[in-house]
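Just passing along the structure, written as structure tokens.
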Amino acid sequence: MSVTLDIRLKRANKIYHEGETVAGVIVLVCKEPLQHHGISLNMEGLVNLQLSSKSVGVFEAFYNSVKPIQLISSNVEVAKAGKIPGGKTEIPFEFPLLTKGNKVLYETYHGVFVNIQYTLRCDMKRSLLAKDLSRNCEFIVHCQPQKAKVIPTPVNFTITPGTLQNTRERSLLPKFLIRGHLDATSCVISQPLTGEVVVENSDVPIKSIELQLVRVETCGYARDATEIQNIQIAEGDVCHGLSIPIYMVFPRLFTCPTLETTNFKVGQ
């Protein structure tokens, strides 16, 4: 017998804040009446940590065995054992997004070594001859905006061959001078990173100017930097002395507000 199970949230963007109610419906579609042994819905928030290869040899016994950190867990019985009528059936549900005790809800974040995820899981038990049905649905948790206003502090920067890091043949680099500024280095993650860059001089023609966003994850004793986003802000040999605007929007799933806990750290 063909049957489909789905979870639909009332909010199209699936974004919630702590203290709000996660609401939606469980949708069951079957051509004929369906016998089942109970339908349950579980809401869970987990931090999954994975040690990088840098930890191998130092803590081999703990490599890839870091236990998930549970932030929130709620379970409710949606329907007791019985029969679902043929056609489309919608079962409404609500979950308060609240933690227990002194736990904190971290913002949703998809990283390489740190992953913070919130999911809804619906399970429908069936007879031994029929396969149980389950469905997962991820929703996104954002931190409440800070009420205190952040005063931006502009930061100037200068780039020359002498300021470059991880460069072996520094003497072979062409001479150049690039100046600029960022409007702030402590940014509100819902607002773009802005500033400007100026090419004062360069001995060779410039092909492209790109802005790279790197996240730094610390898990255990390993600290790893990975690229999240790379955008081009200028193409070709730009005019010297011309201000080029910097404008970068933070990708929310792959970045989060700077986070520091006893088990892990995330920064940009």
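In this text, all values refer to a predicted model and were calculated from it rather than measured experimentally.
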Answer yes if the side chains of Thr194 and Asp183 hold a donor-acceptor pair under 3.5 Å, and no otherwise.
yes
Check whether Ile231 and Ile189 end up in the same hydrophobic cluster, where Ile, Leu, Val, Met, Phe, Trp and Tyr are linked by side-chain heavy atoms less than 4.5 Å apart.
yes
side-chain contact (heavy atoms from CB on, under 4.5 Å) between Ile69 and Thr261, intermediate numbers included
CA-CA 11 Å; Ile69 301 170; Thr261 73; 5.8 Å; no
Can Gln232 and Glu210 be counted as having a side-chain donor-acceptor contact under 3.5 angstrom?
no
Distance-only donor-acceptor check, side chains Glu138 and His110, under 3.5 Å
yes
Would you please test Glu217 and Val112 for side-chain contact (heavy atoms from CB on, under 4.5 Å) and show each step?
CA-CA 8 Å; Glu217 298 172 324; Val112 178; 3.6 Å; yes
Do Tyr247 and Leu211 land in one hydrophobic cluster if side-chain heavy atoms of ILVMFWY residues count as linked below 4.5 Å?
no
So does Pro205 get a backbone contact from the side chain of Ser202, meaning a donor-acceptor N/O pair under 3.5 Å?
no
Residues passing the salt bridge (Lys or Arg N to Asp or Glu O under 4.0 Å) test with Glu196, sequence neighbours excluded, are none
If you apply the rule side-chain contact (heavy atoms from CB on, under 4.5 Å), what do you find for Cys122 with Ile39, and how did you get there?
CA-CA 7 Å; Cys122 182; Ile39 302 172; 3.7 Å; yes
Validation row: Val27, Thr4 side chains within 4.5 angstrom (heavy atoms):
no
Would a single hydrophobic cluster contain both Val29 and Leu133, if residues Ile, Leu, Val, Met, Phe, Trp and Tyr are joined by side-chain heavy-atom contacts under 4.5 Å?
no
Rounded to the nearest 0.5 Å, what separates atom CD1 in Ile91 from atom CG in Leu28?
5.5 Å
How long is the gap from SG on Cys256 to NE2 on His142, to the nearest 0.5 Å?
10.0 Å
Rounded to the nearest 0.5 Å, what separation is found between the CZ atom of Arg8 and the SG atom of Cys137?
11.0 Å
Using the side-chain contact (heavy atoms from CB on, under 4.5 Å) rule, take Phe113 and Asp224 through it: C-alpha gap first, then chi angles, then the decisive distance, then the call.
CA-CA 8 Å; Phe113 305 105; Asp224 296 88; 3.4 Å; yes
For Val214 versus Ala225, what's the shortest heavy-atom pair and its separation?
CG1-CB, 3.6 Å
Measure the spacing between CG of Leu177 and CG of Asp203 and express it to the nearest 0.5 Å.
11.0 Å
If the condition is salt bridge (Lys or Arg N to Asp or Glu O under 4.0 Å), which residues does Asp123 pass it with, not counting sequence neighbours?
Arg121
What closest approach, in Å, do Arg135 and Ile7 show between heavy atoms, and which atom pair accounts for it?
O-CD1, 3.4 Å
Can you list the steps and then say if Arg11 with Glu20 is a salt bridge (Lys or Arg N to Asp or Glu O under 4.0 Å)?
CA-CA 12 Å; Arg11 293 187 184 177; Glu20 295 182 337; 2.8 Å; yes
Give a yes or no on whether the backbone of Gln117 and the side-chain of Thr108 come within a donor-acceptor separation of less than 3.5 Å.
no
Can you tell if the side chain of Phe139 reaches within under 4.5 Å of the side chain of Leu120, non-hydrogen atoms only?
yes
Are Ile206 and Val204 connected in a single hydrophobic cluster, I mean Ile/Leu/Val/Met/Phe/Trp/Tyr linked by side-chain heavy atoms less than 4.5 Å apart?
no
Rounded to the nearest 0.5 Å, what separates atom OG1 in Thr99 from atom CD1 in Ile72?
6.5 Å
Check this for me, if you would: do Lys207 and Glu235 make a salt bridge, where the nitrogen-to-carboxylate-oxygen distance has to be below 4.0 angstrom?
no
Of the non-hydrogen atoms in Gly45 and Tyr118, which two are nearest, and what is the gap between them?
CA-CD2, 3.5 Å
Exercise: identify the closest heavy-atom pair between Cys30 and Pro85
SG-O, 3.6 Å
I need the Ile26 CD1 to Leu41 CG distance, nearest 0.5 Å.
4.5 Å
I'd like to check Leu71 versus Val104 (side-chain heavy atoms, cut-off strictly below 4.5 Å). Are they in contact?
no
Do Ile244 and Met248 land in one hydrophobic cluster if side-chain heavy atoms of ILVMFWY residues count as linked below 4.5 Å?
yes
Side chain to side chain, Arg126 and Leu34, heavy atoms closer than 4.5 Å
yes
Heavy-atom distance under 4.5 Å between the side chains of Val141 and Glu107, does that happen here?
no
Heavy-atom nearest pair, Tyr106 first then Val47, reads CD1-CG2, 3.9 Å
Find out whether Ser127 and His37 are in side-chain contact, i.e. whether some heavy atom of one side chain is under 4.5 Å from a heavy atom of the other.
yes
Contact check, side chains of Leu49 and Val114, non-hydrogen atoms, under 4.5 Å
yes
Do Glu77 and Ser40 have side-chain N/O donor and acceptor atoms under 3.5 Å apart?
no
Donor-acceptor contacts, no H, no angles, side chain residues 151-161, under 3.5 Å, sequence neighbours left out:
| residue | atom | partner | partner atom | Å |
| --- | --- | --- | --- | --- |
| Thr160 | OG1 | Gly162 | N | 3.4 |

Assess the residue pair Glu44 and Gln70 against the criterion (side-chain hydrogen bond (donor to acceptor under 3.5 Å, both in side chains)); give the C-alpha distance rounded to whole Å, side-chain angles, the decisive distance to 0.1 Å, and a yes or no.
CA-CA 8 Å; Glu44 191 170 48; Gln70 190 176 73; 3.2 Å; yes
I want to check something: taking the side chain as every heavy atom from C-beta on, are Tyr109 and Val266 in contact at a cut-off of under 4.5 Å?
yes
Minimum heavy-atom distance Pro192-Phe250, with the two atoms named:
C-CE1, 4.4 Å
Gln229 backbone acceptor or donor facing Gln212 side chain under 3.5 Å
no
